[in-house]
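Everything below concerns the one structure shown next.
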Amino acid sequence: MVVSRREKWVGNALLVLLMAVTILPFFTLLITALHPSGTYPSGLEIPETLHWENFAAAFESAHMEKLLWSSVLIVIGVVPVALLISTLAGFALGHLRPPGHRWIFLAFLLGLTLPFQGVIVPLYFQMRDFGLLNTRWAIILPLIGLYMPFAVMWMRAHFVNMPQDLSEAARMDGASTWALFSKIHLPLSMPALSSLAILLFLWTWNQFLLAVVLVDDSTKRTMAGALGAFQGQYGTDIPLLCAGSLLILTPTLIVFLVFQRQFVSALLQGAVKG
């Protein structure tokens, strides 16, 4: 496809503008985090002295080493289970298509309209009745359920586009349903699985609302729960808050940069059929 010089210039300009809009919040956080602790910076004013020690102070004051371990445990509890259930359900709805699969798919579709904020109060009382308040299970179990609508639809969209010829050939060779899933479809679904794992990791790592409402012990929350440590009786330490936010964002940025090829591959796989 031939692209004119004007279209190429406009496209590059839009990309630069989008990049600037994306980077500006991170740059603002960094500039604010380098101000003296306890001050209230205004705008994008660069301080005369850069206080890099704010990052160490934020790490220590929020006990982020404990929160880092807690976040790892929560991610391990949420992501593998959510991937397993959503992959099995997506294969059933997208490829096997049992009776009533359209109604089941509609139920998951309606689940996408359910916001976290709308179920936080019922979840609180349910976790209290189960005796799980102030434990990591109060975060793990609700997140698995809340992720299911999106995760199942993501995997179903992948299995719907898989050619039926593969399954028919495997059936003729005597393959069972489990062999069809584990030996043929599952290896081919790795791009979709890896991208879904990245999304679930990012959402779990940055989960703030459930961690704050359902868990009182700050050492059992996610890394995002550390942001509450900078809220004092008379105000908020803005520079330390921004430094803590950057520390929390760093692992997610690293994960996305390392696995960005798999993520883009899954998106292209869904966009181009065949």
Side-chain angles (χ1 to χ4, degrees), residues 15 18-19 22 26 68-97 101 104-105 108-109 111-112 116 136 139-167 170 175 177-208 210-211 222-224 247-274:
L15 287 176
L18 180 61
M19 183 179 66
T22 304
F26 296 98
L68 180 63
W69 175 243
S70 179
S71 292
V72 170
L73 293 178
I74 293 173
V75 167
I76 292 176
V78 171
V79 176
V81 177
L83 287 177
L84 175 62
I85 298 175
S86 61
T87 304
L88 293 173
F91 177 72
L93 295 176
H95 195 76
L96 298 181
R97 301 179 184 179
H101 69 94
I104 299 174
F105 172 70
F108 281 108
L109 188 62
L112 287 175
F116 281 25
R136 294 187 182 95
I139 303 175
I140 294 174
L141 295 179
L143 284 182
I144 293 174
L146 291 170
Y147 288 161
M148 279 302 101
F150 176 83
V152 171
M153 289 192 61
W154 180 279
M155 295 309 301
R156 176 191 175 274
H158 165 75
F159 288 115
V160 161
N161 292 326
M162 295 294 292
Q164 291 288 340
D165 297 342
L166 290 175
S167 300
T177 302
W178 177 252
L180 182 67
F181 169 74
S182 60
K183 296 182 179 180
I184 297 178
H185 287 274
L186 187 59
L188 294 175
S189 64
M190 284 304 163
L193 267 175
S194 60
S195 57
L196 179 60
I198 295 172
L199 289 175
L200 294 180
F201 168 81
L202 296 178
W203 293 343
T204 303
W205 190 271
N206 295 321
Q207 179 56 230
F208 177 78
L210 294 183
T222 57
M223 282 285 286
L247 290 175
I248 293 171
L249 287 173
T250 299
T252 60
L253 291 176
I254 292 174
V255 169
F256 182 78
L257 291 175
V258 171
F259 297 102
Q260 61 176 332
R261 289 189 176 182
Q262 289 84 344
F263 189 76
V264 174
S265 175
L267 294 180
L268 292 177
Q269 187 182 38
V272 182
K273 183 178 180 180

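Residue numbers run from 1 in the order of the sequence given. The structure presented is a predicted model; accordingly, all values stated were derived computationally and were not measured.
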Test side-chain contact (heavy atoms from CB on, under 4.5 Å) applied to L68 - qualifying residues, sequence neighbours left out: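 W205, M223.
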Parallel, tilted or perpendicular: ring planes of F159 versus F91, cut at 30 and 60 degrees: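 Perpendicular: the ring planes of F159 and F91 meet at over 60°.
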Side chains of [X] and [Y] in contact at under 4.5 Å (non-hydrogen atoms):
X	Y	value
R97	V160	yes
I140	V81	no
V152	F105	no
K183	W178	no
L186	L193	yes
Y147	S86	no

From [X] [atom1] over to [Y] [atom2], what is the distance, rounded to the nearest 0.5 angstrom?
X	Y	atom1	atom2	answer
M162	I184	CE	CD1	9.0 Å
T222	R136	OG1	CZ	11.0 Å
L202	L253	CG	CG	9.0 Å
F181	T87	CZ	OG1	5.5 Å
H185	T177	NE2	OG1	10.0 Å
I144	L83	CD1	CG	10.5 Å

Atom of A175, atom of A179 and distance for their closest heavy-atom approach: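 Taking every non-hydrogen atom into account, CB-CB, 4.3 Å.
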Candidate list I74, V75, I76, test side chain to side chain contact (heavy atoms under 4.5 Å, CB included), partner V72, passing option: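 Going through the options one by one, the only one that passes is I76.
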T204 side chain vs F201 backbone, donor-acceptor pair below 3.5 Å: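 No: the side chain of T204 does not pair with the backbone of F201.
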